[in-house]
There are 2 protein chains.
Amino acid sequence: MVESKIELDAADIAILRVLQTEGRISNVDLAKRVNLSPPATLARQKRLEKQGLIDRFVAVLNRYKTGHDTLSFIQLTLSLHQHQQIHDILDRIVAMPEVLECHNVTGEYDYLLKVILKNTQALEAFISQKLIPMPGIARLHTSLVLKEYKSSMVLDLDEP
Amino acid sequence: MVESKIELDAADIAILRVLQTEGRISNVDLAKRVNLSPPATLARQKRLEKQGLIDRFVAVLNRYKTGHDTLSFIQLTLSLHQHQQIHDILDRIVAMPEVLECHNVTGEYDYLLKVILKNTQALEAFISQKLIPMPGIARLHTSLVLKEYKSSMVLDLDEP
DNA sequence: GTTGAAATATATGACGT
DNA sequence: ACGTCATATATTTCAAC
């Protein structure tokens with residue numbers, strides 16, 4: 001199933017803009033911010049959730065304070081050429097809690113993984129004990145993040 | 001300032017695990033889930049926010065339904081070697097709403113950007129009109145995401 | 001979509017363990 | 001540090017316009 005764009009009016013966009021940065025704002029405060037009445041605001045928010053435009057609400061943690069000091073991007077190329085084999089490998093990779101993102105990309109390598117671990121020792125163990133032993137890993141390149149300048153999930157919503 | 005790990009007990013971890021996927025759960029429901037009383041749960045959550053362990057609460061949107069069909073990773077190498085020049089360029093990149101992430105990384109290129117745009121035309125315009133004209137962009141490589149297998153911000157918290 | 005009122009659920013403080 | 005209970009507050013939700 002292909003998900004397609006849903007048309008939004010100015011009030012929807014105002015609501016989504018606020019909720020993207022203040023996910024726990026109360027409906028009455030949100031209503032004030034978007035210049036609508038609380039019932040109208042709540043009805044719109046519920047509709048946006050039902051439409052799947054709002055996927056979920058989450059708490060964003062500070063990874064340094066949880067002890068996750070090592071962020072890295074791992075590029076992979078798979079050697080398997082049967083669809084089922086590739087699918088199985090990807091299922092296993094996606095199920096790993098250390099892997100926060102997994103994308104099929106264009107370029108020199110086929111897959112890009114965003115991996116968060118406690119330290120470089122844990123990263124080395126992850127690569128050598130969990131990734132390398134998997135069948136079909138043809139090439140692998142690790143980039144360590146030295147400094148994170150920006151990390152956001154906020155989509156840029158423009159006026160209708 | 002270097003942020004360092006904060007020690008968490010089993011109840012803290014239980015609370016953070018729930019809030020990472022259900023950011024809008026009520027305190028009474030959260031208390032039931034972690035087997036604590038509502039006041040104890042609320043006090044812990046407030047403490048975790050005050051400690052900065054919980055950075056913020058956000059709504060996660062479905063990018064396809066907002067019309068953001070094109071996700072890409074752009075690798076950059078800067079040719080400027082004065083700290084101030086590099087700092088200025090990074091400030092401008094980080095301020096761009098299309099750029100969701102910006103990291104200084106090890107490897108062939110120095111910076112990795114995660115960029116979300118409406119379509120490939122908008123990506124082409126972004127690269128040719130906003131990135132390339134900046135001084136000091138020595139090398140640039142774009143990887144288009146063909147398929148997103150996993151996209152999460154959930155940190156893997158293990159028992160104390 | 002708005003206003004206002006009522007019902008419900010929630011957070012929060014006091015006290016005892 | 002936690003649980004229970006009571007109170008005050010905030011929120012949702014309904015009805016009328």
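Each chain gets a letter, A, B and so on, in the order its sequence line appears, and its residues count up from 1. Since the model is a prediction, treat every value here as computed from it, not as a measurement.
One interatomic measurement links the two molecules: CG of Asp29(A) to C1' of dA10(D), which rounds to 10 Å at whole-angstrom precision. Remark: P of dG3(D) and CG of Asn35(B) are 9 Å apart, rounded to the nearest angstrom. Rounded to a whole Å, the CD1 atom of Ile15(B) is 13 Å from the C1' atom of dA1(D). A straight line from CG of Leu42(A) to P of dC14(D) spans 11 Å, rounded to a whole angstrom. Here the C1' atom of nucleotide dT4(D) and the NZ atom of Lys32(B) are 15 Å apart, to the nearest Å. Nucleotide dA11(C) holds its P atom 8 Å from the CD atom of Gln45(B), rounded to whole Å.
The residue Arg47(B) sits apart from the nucleic acid: no heavy atom pair falls under 4.0 Å. The residue Pro39(A) sits close to a base: some heavy atom pair falls under 4.0 Å. Base contact: Ser37(B) has a heavy atom under 4.0 Å from a base atom.
For Ala40(B), taking side-chain heavy atoms from C-beta onward, the closest of the listed nucleotides dC2(D), dT12(C), dA11(C) is dC2(D).
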Under 3.5 Å, side-chain donor or acceptor atoms of residues 104-111 of chain B against the rest of the protein: list the pairs with distances, not counting sequence neighbours.
residue	atom	partner	partner atom	Å
Asn104(B)	ND2	Asp110(B)	O	2.9
Thr106(B)	OG1	Leu144(A)	N	2.8

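In this structure, Asn27(B) and Pro38(B) approach most closely via the heavy-atom pair ND2-O, 2.9 Å.
Checked by atom type and distance alone, the side chain of Arg56(B) never pairs as donor or acceptor with a backbone atom of Thr21(A) at under 3.5 Å. Looking only at distances, a side-chain donor or acceptor of Gln20(A) sits under 3.5 Å from a matching main-chain atom of Leu155(A).
Nearest-nucleotide assignment on DNA chain C puts the 5′-proximal partner with Thr41(A), out of Arg24(A) and Thr41(A).
Side-chain nitrogen and oxygen atoms of Arg44(A) include at least one within less than 4.0 Å of the OP1 or OP2 phosphate oxygen of dG1(C). Between Asn27(A) and dT11(D) there is no side-chain polar atom (N or O) within less than 4.0 angstrom of OP1 or OP2.
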